[in-house]
Amino acid sequence: MKQRVSALLRAQFERDVVLEKPKDRSFGHYATPIAFSLAKELRKSPMAIADELAAVFGEHAMFSSVEATKGYINFRLSESFLGEYADWALKNPDEFGRADREEKILLEFVSANPTGPLHIGHARGAVYGDTLLRLGRRLGYDITAEYYVNDAGNQIDLLGLSLQLEGQHSVLNMEVEWPEKYYRGEYMTVLAEEALSVFGSDILTNPDRQKELALWAKDRVMELIVSDLAEANIHFDTFVSEASLYDDWERVMKKLGEGVYEAEGKLWLRSSEKGDEKDRVVVREDGRPTYLAGDIVYHNRKFEQGFDHYINIWGADHHGYIARVKAAVDFLGYDPDRLEILLSQMVSLLKDGEPYKMSKRAGNVILMSDIVEEIGADALRFIFASKKSDTALEFDVEVLKKQDNSNPVYYINYAHARIQTILSKSALSREQIMAAELKDLSADADALLFEALLLPEVIEDAFASRQVQKLPDYLKSLAARLHKFYYDVRILGTEEEAKLLKLFMMVGLSLRTGLSLMGITAKDRMTADEK
RNA sequence: GCGUCCGUAGCUCAGCUGGAUAGAGCAUCGGUUUCCGGUACCGACGGUCGGGGGUUCGAAUCCCUCCGGACGUGCCA
């Protein structure tokens, strides 16, 4: 809708026009303050300009009125326009909010190390990425979801060592000396027992078999991670192994050309020339490549696959890494602007209003699977998608367990369930309802219809700005409008029954579609909490 | 020190391509239909938009500066 109006104004004024939704809906559906910016060049008062411009649109079919008020031009869409749009959406629910973008995008997210199950911090990036993925696909983008598996380096060695020690300690009841850093947690005990039954006790005690154990363990951990993600309705198309990339290093290094140089017996990336603070080591004195080398090969691989655009979602603690990766992409001969790096900020947890500190050392890590078990995947997804990804998030586990207004998932589901219930209680058939015309609506009904039809522009906006929280915000406000309308207006048994039920079907469609884009299935009925 | 992000109601946060009276949920207090599910709705209370300066017809929004906070500043990943 907004695009239609916007395009019309652009054609009329031959310039881009700021179009906004008035805070006070009694003004109309859309408004523009363009008269203020024209005032100076035309040397007339904004009011006079607005009056003249509004008159131009007086008879347009899309609008029922176009009025100038205090310098603003307010547009009210006609009922026939809104009604026809809703009619089309209800008949083509899968097309509603869809677009036909053709860009191919590679979206990399989560990419947590395969050394342990996902914790609450990973969950945020996972939800953010998956929501962006769903929004983008709805808009027609061809998006591949990729997980980069860091299955090389010290951490894998440490995984093997930790698992042997864990096995010796808790499975074989041996005395062990714990190093300063090692992986621990319930999953390690489980893995140690499993390793014992698969390989026998030698694998837990023989230092020469640490590597073998580590390689087996990281595959098992990846299975854990994949299942954690699946529980939250998140699925990846491709997994790329870091270890498998180093074979390609020689070739990619040559491709970097002048981008690398040798000094002090090491190989350096000339990243300071491309905006990084300093040059970075890519191969150490002993010939072992650094993590950055792996990332360079990985990004070269991405670009050689010929996507139009690349999006990486990283934890905010990696932001210092952006400049060097972009520098490498540049040296490889690709446009670094095609690589977009989004940061997902830290999550802090409250329990009963008190900060809950999570530390690996103390072994009280909050796992993603714990939260899913406690509050459900829907609530987890909703709350993590509800906040701008680039600001720190604080949330209270207890609040999410409540089933009232303070829990937005219940609030929205309840709105959807109310719609389904009233539809099933009505004596009217679906055909009778669809045959009704959405006209002569009250101001509140008109506002509700307009709000329901906003979903497509919310999807566009949320994806384009990478601010997925705009979708849950919209769903909350649509649900609120529905609840209020439901409370105020009697529907069943009135002369307006068919018309209002059609309006409700439209609201239901938007709620359902919006929730599905968040990986949440709308509920048709609410069930009381089991005690 | 430098870099990135952030500072809006008691709490958690929207709003930030500059535009009409700064919004919501929670919390607190009060209220609601001969009712289609009260898991809802309405109202009250509550704000120097961190401080100061600047640009503008107009600033929570843009610029400068100061204060406060988070994160980063490995040849770990």
Side-chain angles (χ1 to χ4, degrees), chain A residues 16 18 20 22-24 27 31-37 39-40 45-46 69-72 74 111-113 115 148 150-156 158 181 242 264 266-268 276-278 280-286 288-295 315-323 343 345-346 348 350 353 383 386-388 390-396 399 402-408 410-411 413-415 417-419 421-426 465 467 469-470 472-473 476-477 479-480 482-494 497 500-501 504 525-529:
Chain A
D16 279 329
V18 175
E20 55 194 28
K23 284 175 194 154
D24 184 345
F27 285 127
T32 177
I34 189 174
F36 291 96
S37 38
K40 195 169 258 178
S45 82
T69 314
K70 290 196 286 183
Y72 291 85
N74 295 308
S111 298
N113 293 342
T115 52
Y148 183 46
N150 297 127
D151 54 359
N154 297 339
Q155 55 188 345
I156 296 300
L158 190 60
K181 261 186 80 174
E242 178 192 354
E264 304 166 39
K266 297 167 249 189
L267 192 70
W268 300 73
D276 196 7
E277 286 169 33
K278 53 186 175 186
R280 308 287 174 176
V281 174
V282 283
V283 180
R284 304 172 176 96
E285 271 176 293
D286 61 9
R288 284 157 50 233
T290 63
Y291 180 73
L292 178 58
D295 241 344
D317 50 346
H318 286 60
H319 74 248
Y321 210 76
I322 297 174
L343 298 177
Q345 279 288 351
M346 305 293 122
S348 58
L350 294 176
I383 197 73
S386 289
K387 207 177 150 192
K388 268 202 313 230
D390 60 0
T391 56
L393 169 73
E394 203 166 287
F395 80 96
D396 195 322
V399 169
K402 292 196 212 158
Q403 305 201 2
D404 58 25
N405 216 333
S406 61
N407 182 338
Y410 275 87
Y411 187 75
N413 265 323
Y414 185 38
R418 276 188 149 167
I419 292 169
T421 306
I422 196 169
L423 283 168
S424 68
K425 291 219 171 181
S426 168
S465 64
Q467 306 211 336
Q469 83 282 358
K470 289 183 176 183
D473 284 351
K476 275 186 275 188
S477 91
L482 184 279
H483 281 306
K484 180 163 167 49
F485 191 86
Y486 181 95
Y487 181 87
D488 288 340
V489 182
R490 172 86 196 171
I491 294 169
L492 293 185
T494 68
E497 180 170 335
L500 294 180
L501 287 178
F504 270 33
R525 52 186 306 172
M526 305 300 283
T527 47
D529 192 14

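Just so it is clear: chains get the letters A, B, ... in the order the sequence lines come, proteins before strands, and each one is counted from 1.
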Who pairs with B:rA40 - Watson-Crick or G-U, where each distance is under 3.5 Å: B:rU32
Counterpart base for B:rA70, defined by Watson-Crick or G-U wobble contacts under 3.5 Å: B:rU4
Length of the NZ-P vector between A:Lys476 and B:rC41, whole Å: 14 Å
B:rC5 to B:rC76 separation - C1' atoms, rounded to the nearest Å: 23 Å
P atoms of B:rA24 and B:rA9, separation to the nearest Å: 14 Å
Polar side-chain atom of A:His483 near backbone of A:Tyr414 as donor-acceptor pair, under 3.5 Å: no
Closest nucleotide among B:rA40, B:rA20, B:rC36 to the A:Lys425 side chain: B:rC36
Pair of N/O donor and acceptor under 3.5 Å linking B:rG72 base with A:His318 side chain: no
B:rU39 base / A:Tyr411 side chain donor-acceptor hit below 3.5 Å: no
Close side-chain approach of A:Leu343 to A:Ile322, heavy-atom, < 4.5 Å: yes
Side chain A:Asn74, main chain A:Ala31, donor-acceptor under 3.5 Å: no
Polar side-chain atom of A:Arg284 near backbone of A:Pro289 as donor-acceptor pair, under 3.5 Å: yes
Non-hydrogen side-chain atoms of A:Thr115 and A:Leu158 separated by less than 4.5 Å: no
Of A:Glu20 and A:Pro289, the one whose closest RNA chain B nucleotide lies more 5': A:Glu20
OP1 or OP2 of B:rG37 under 4.0 Å from side-chain N/O of A:Tyr486: yes
Base-pairing mate for B:rG18 - Watson-Crick or G-U, with both contacts under 3.5 Å: none
Sugar-phosphate, base or nothing in reach of A:Asp295, heavy atoms under 4.0 Å: nothing
Polar pair under 3.5 Å, donor/acceptor by atom type, side chain A:Asp317, base B:rA70: no
For B:rC45, the Watson-Crick or wobble partner whose two distances fall under 3.5 Å: none
P gap between B:rG51 and B:rA59, integer Å: 15 Å
Nearest-nucleotide pick for A:Tyr321, side chain only, options being B:rA77, B:rU73, B:rG38: B:rA77
Sugar-phosphate only, base, or nothing, as touched by A:Ala323 at under 4.0 Å among non-hydrogen atoms: nothing
A:Ile491 side-chain proximity, nearest of B:rC36, B:rA20, B:rA77: B:rC36
Atom pair distance, as rounded to whole Å: CD in A:Glu497 and P in B:rC36: 13 Å
Validation row: A:Phe504, A:Arg418 side chains within 4.5 angstrom (heavy atoms): no
Nucleotide nearest A:Leu492 when distance is taken to its side chain, options B:rA20, B:rA40, B:rC36: B:rC36
Heavy-atom check, side chain of A:Leu292 versus side chain of A:Tyr321, under 4.5 Å: yes
Between protein and nucleic acid, restricted to nucleotides 14-17 of chain B and to nitrogen or oxygen atoms under 3.5 Å apart, what atom pairs and distances do you find?
| unit_1 | atom_1 | unit_2 | atom_2 | d |
| --- | --- | --- | --- | --- |
| B:rA14 | O2' | A:Asp473 | OD2 | 3.4 |
| B:rC16 | N4 | A:Lys388 | NZ | 3.3 |

Closest-nucleotide 5' rank along RNA chain B - winner of A:Arg280 and A:Lys70: A:Lys70
P gap between B:rA70 and B:rG38, integer Å: 47 Å
Check: A:Leu423 main-chain N/O paired with A:Ser426 side-chain donor or acceptor under 3.5 Å: no
Residue pair A:Ile491 / A:Glu497: nearest heavy atoms and the distance that separates them: O-CB, 3.7 Å
d(CH2, A:Trp268; P, B:rG74) in whole Å: 12 Å
B:rC76 phosphate, OP1 or OP2, under 4.0 Å from A:Arg284 side-chain N/O: yes
B:rG58 versus B:rU21 - spacing of their C1' atoms, nearest Å: 15 Å
P-based separation of B:rC13 from B:rA20 [nearest Å]: 25 Å
Anti/syn call for B:rG58, syn if |chi| within 90°: anti
Pairing partner (Watson-Crick or G-U wobble, both distances under 3.5 angstrom) of B:rC26: B:rG10
A:Tyr414 OH - B:rU39 C1' separation (whole Å): 6 Å
Short side-chain N/O contact from A:Lys278 to OP1 or OP2 of B:rG74, under 4.0 Å: yes
Contact under 4.0 Å: A:Arg418 side-chain N or O vs B:rG38 OP1/OP2: yes
Integer-rounded Å distance: B:rG38 P and A:Leu482 CG: 13 Å
Among B:rA40, B:rA77, B:rA20, the one nearest A:Asn113 by side-chain distance: B:rA77
B:rU12 versus B:rG30 - spacing of their P atoms, nearest Å: 26 Å
Whether A:Phe27 stacks on the six-membered ring of B:rA20 base, 5.5 Å and 30° limits: yes
Distance between P atoms of B:rC11 and B:rG47 (Å, rounded): 12 Å
Gap between atoms NZ and C1', on A:Lys484 and B:rA24 respectively (whole Å): 15 Å
Any donor-acceptor pair under 3.5 Å from A:Ser386 side chain to A:Pro472 backbone: no
Sugar-phosphate, base or nothing in reach of A:His319, heavy atoms under 4.0 Å: base
